[in-house]
2 protein chains.
Amino acid sequence: MLTRTAEHALRALLFLAQQPEGVLVPANRIAQATGAPANYLAKTLQGLAAAGLVRGTRGREGGYGLVVPASAITVGQVIAAFDVPSSADRCLLGDRPCSSAKPCAAHVQWQNARGAALRAMRTVRLQDLLAGVTRQLAVRS
Amino acid sequence: MLTRTAEHALRALLFLAQQPEGVLVPANRIAQATGAPANYLAKTLQGLAAAGLVRGTRGREGGYGLVVPASAITVGQVIAAFDVPSSADRCLLGDRPCSSAKPCAAHVQWQNARGAALRAMRTVRLQDLLAGVTRQLAVRS
DNA sequence: GTTAATTCGGACATTTGTATCCGTTTTCCC
DNA sequence: GGGAAAACGGATACAAATGTCCGAATTAAC
């Protein structure tokens, strides 16, 4: 369902979404809070930054923060930020290449099925997952 | 969406579903028809046999055939036959373990979202993907 | 300025998924 | 019974994902 990297990313984003507006959290702290390997999460966060979901600020008192509100980020976006450029879709039936232009007999049905699964992920926003979570107070050490 | 192994498996099953009832097809032939690496597909087919979806018959004139009709196999089953025993679901929020018994705040929402995506795959049967495919005649060399 | 805290970026190590190879066993055909 | 065709099953090789390490570059505090 979720690649491991995307799962780390999702946790990190959910954690950031619980921070008060404008507060930056360093990668180390995020890793500690979400239980992700710190060094790897650092890379993952850079990926999220490249995708425009978070912004990293260097230097002392720096860290990461959401660029976009949690109501505007879907799980589908998070997944999409980490999947490969999608290997030129092979035909479900046999060897030949399969495109919308020259579809195989199963093409449309398969597209529909995949679409339904993706839609399910695209319709869930981070905010939805946080329903019932009381916004965390700003507690800095 | 689909792991590569599951994709091979799905193609193999769809190919078998197009065979006339009772006809066995050797793994080599399936691999050739679906464009999968022959040696690896052999292993994959053993997995499908273990899952009870196909049956392998040894010896000359042997091969693989569906155990269950295409109308009774869902894409979800094929996926499930090849994913890991599902690493004890970690909580979406933070480090602690998360279960239905002691759910985190995001637990229910996340379960629902995953459920919707899985349901989309479970509702697609192989037969649905083969709509519009004329059943292939038995042409043995 | 100097120092500490932080993101950046590359190089490397480890693990897991994918693929290959080869011998063994079973079964049919002659 | 002997040979060929096939599924089994283990050992190994390759590739990609995941995780680790370390030296920059940047920024704020003092």
Side-chain angles (χ1 to χ4, degrees), chain A residues 1-12 16 22-32 34-67 79 81-87 90 140-141, chain B residues 1-12 16 19 22-67 79 81-87 90 140-141:
Chain A
M1 174 69 63
L2 279 190
T3 177
R4 188 128 35 138
T5 303
E7 204 172 324
H8 290 154
L10 185 55
R11 286 208 187 86
L16 287 178
V23 169
L24 300 183
V25 187
N28 267 331
R29 186 105 58 93
I30 302 176
Q32 186 185 350
T34 62
N39 293 315
Y40 190 52
L41 184 64
K43 295 290 167 58
T44 304
L45 285 168
Q46 289 181 33
L48 287 176
L53 296 178
V54 303
R55 195 168 88 84
T57 306
R58 286 185 172 188
R60 189 165 174 149
E61 298 294 306
Y64 286 96
L66 287 187
V67 167
I79 295 176
F82 292 103
D83 65 354
V84 285
S86 93
S87 52
R90 297 228 351 252
R140 304 296 296 264
S141 64
Chain B
M1 174 68 63
L2 278 191
T3 178
R4 185 120 47 129
T5 303
E7 203 172 323
H8 289 154
L10 185 55
R11 287 207 186 88
L16 287 177
Q19 302 305 313
V23 169
L24 300 183
V25 187
N28 268 331
R29 186 104 57 94
I30 302 177
Q32 186 185 351
T34 62
N39 294 315
Y40 190 53
L41 183 64
K43 294 289 166 61
T44 304
L45 285 167
Q46 289 180 34
L48 287 176
L53 296 178
V54 303
R55 197 169 87 84
T57 306
R58 285 184 171 188
R60 192 168 174 152
E61 298 295 307
Y64 285 96
L66 288 186
V67 167
I79 295 175
F82 291 103
D83 66 355
V84 285
S86 93
S87 52
R90 297 229 349 254
R140 305 295 298 266
S141 62

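Just so it is clear: chains get the letters A, B, ... in the order the sequence lines come, proteins before strands, and each one is counted from 1. Hydrogens, waters and symmetry mates play no part in the numbers below; they use all other heavy atoms, side chains included.
- A straight line from CZ of B:R4 to P of D:dA15 spans 11 Å, rounded to a whole angstrom.
- Atom CZ of B:R29 and atom P of D:dA6 are 8 Å apart (whole Å).
- Separating the CG atom of A:N39 from the C1' atom of C:dT15 is a distance of 16 Å, rounded to the nearest angstrom.
- B:A27 comes within 4.0 angstrom of sugar-phosphate atoms only, judged by non-hydrogen atoms across all strands, and of no base.
- Remark: B:T3 is in phosphate contact with C:dT18, judged by side-chain N or O atoms under 4.0 Å from OP1 or OP2.
- Using a 4.0 Å cut-off, no side-chain N or O of B:H8 falls inside it from OP1 or OP2 of C:dT18.
- Per the geometry, CG belonging to A:L2 stands 15 Å off C1' belonging to D:dA17, to the nearest Å.
- The distance from atom CG of B:L45 to atom CD1 of B:I30, rounded to the nearest 0.5 Å, is 5.0 Å.
- Separation of atoms CG (A:L10) and CG (A:L48) is listed at 9.5 Å; rounding is to 0.5 Å.
- In this structure, A:Y40 atom OH and C:dC12 atom C1' are separated by 15 Å, rounded to whole Å.
- Atoms OG1 and CD, on A:T44 and A:E7 in that order, are 11.5 Å from each other to the nearest 0.5 Å.
- The side chain of B:Y64 contributes an N or O atom lying less than 4.0 Å from OP1 or OP2 of D:dC8.
- Across all strands, A:A49 comes closer than 4.0 Å to no nucleic acid atom at all (heavy-atom distances).
- The distance from atom CG of A:L45 to atom C1' of C:dT7 is 10 Å, rounded to the nearest whole Å.
- Across the protein-nucleic acid pair, B:E61 atom CD and C:dC30 atom P stand 9 Å apart, rounded to whole Å.
- Here C:dC8 is the nucleotide among C:dA19, C:dC8, C:dC29 with the atom lying nearest to any side-chain atom of A:Q46.
- For the atom pair CG (A:L41) and CZ (A:R29), the distance works out to 13.5 Å, reported to the nearest 0.5 Å.
- Taking 4.0 angstrom as the limit, A:T57 places none of its side-chain polar atoms (N or O) nearer than this to OP1 or OP2 of D:dA28.
- Distances shown here put a side-chain N or O of B:T5 below 4.0 Å from the OP1 or OP2 atom of C:dT18.
- Between the side chain of A:R58 and the base of C:dT7 there is at least one donor-acceptor pair of N/O atoms closer than 3.5 Å.
- Interface remark: the A:K43 side chain does not form any donor-acceptor pair with the C:dT7 base, using a distance-only criterion of under 3.5 Å.
- Put simply, B:R60 has no side-chain N or O that comes within less than 4.0 Å of OP1 or OP2 on D:dA7.
- In this structure, CD of A:Q32 is placed 16 Å from C1' of C:dT6, rounded to the nearest angstrom.
- A pairwise comparison of heavy atoms in A:N28 and A:A38 identifies OD1-CB, 3.8 Å as the closest pair.
- Along DNA chain D, the nucleotide closest to A:L41 and the one closest to B:I30 are compared, and the more 5′ of them pairs with B:I30.
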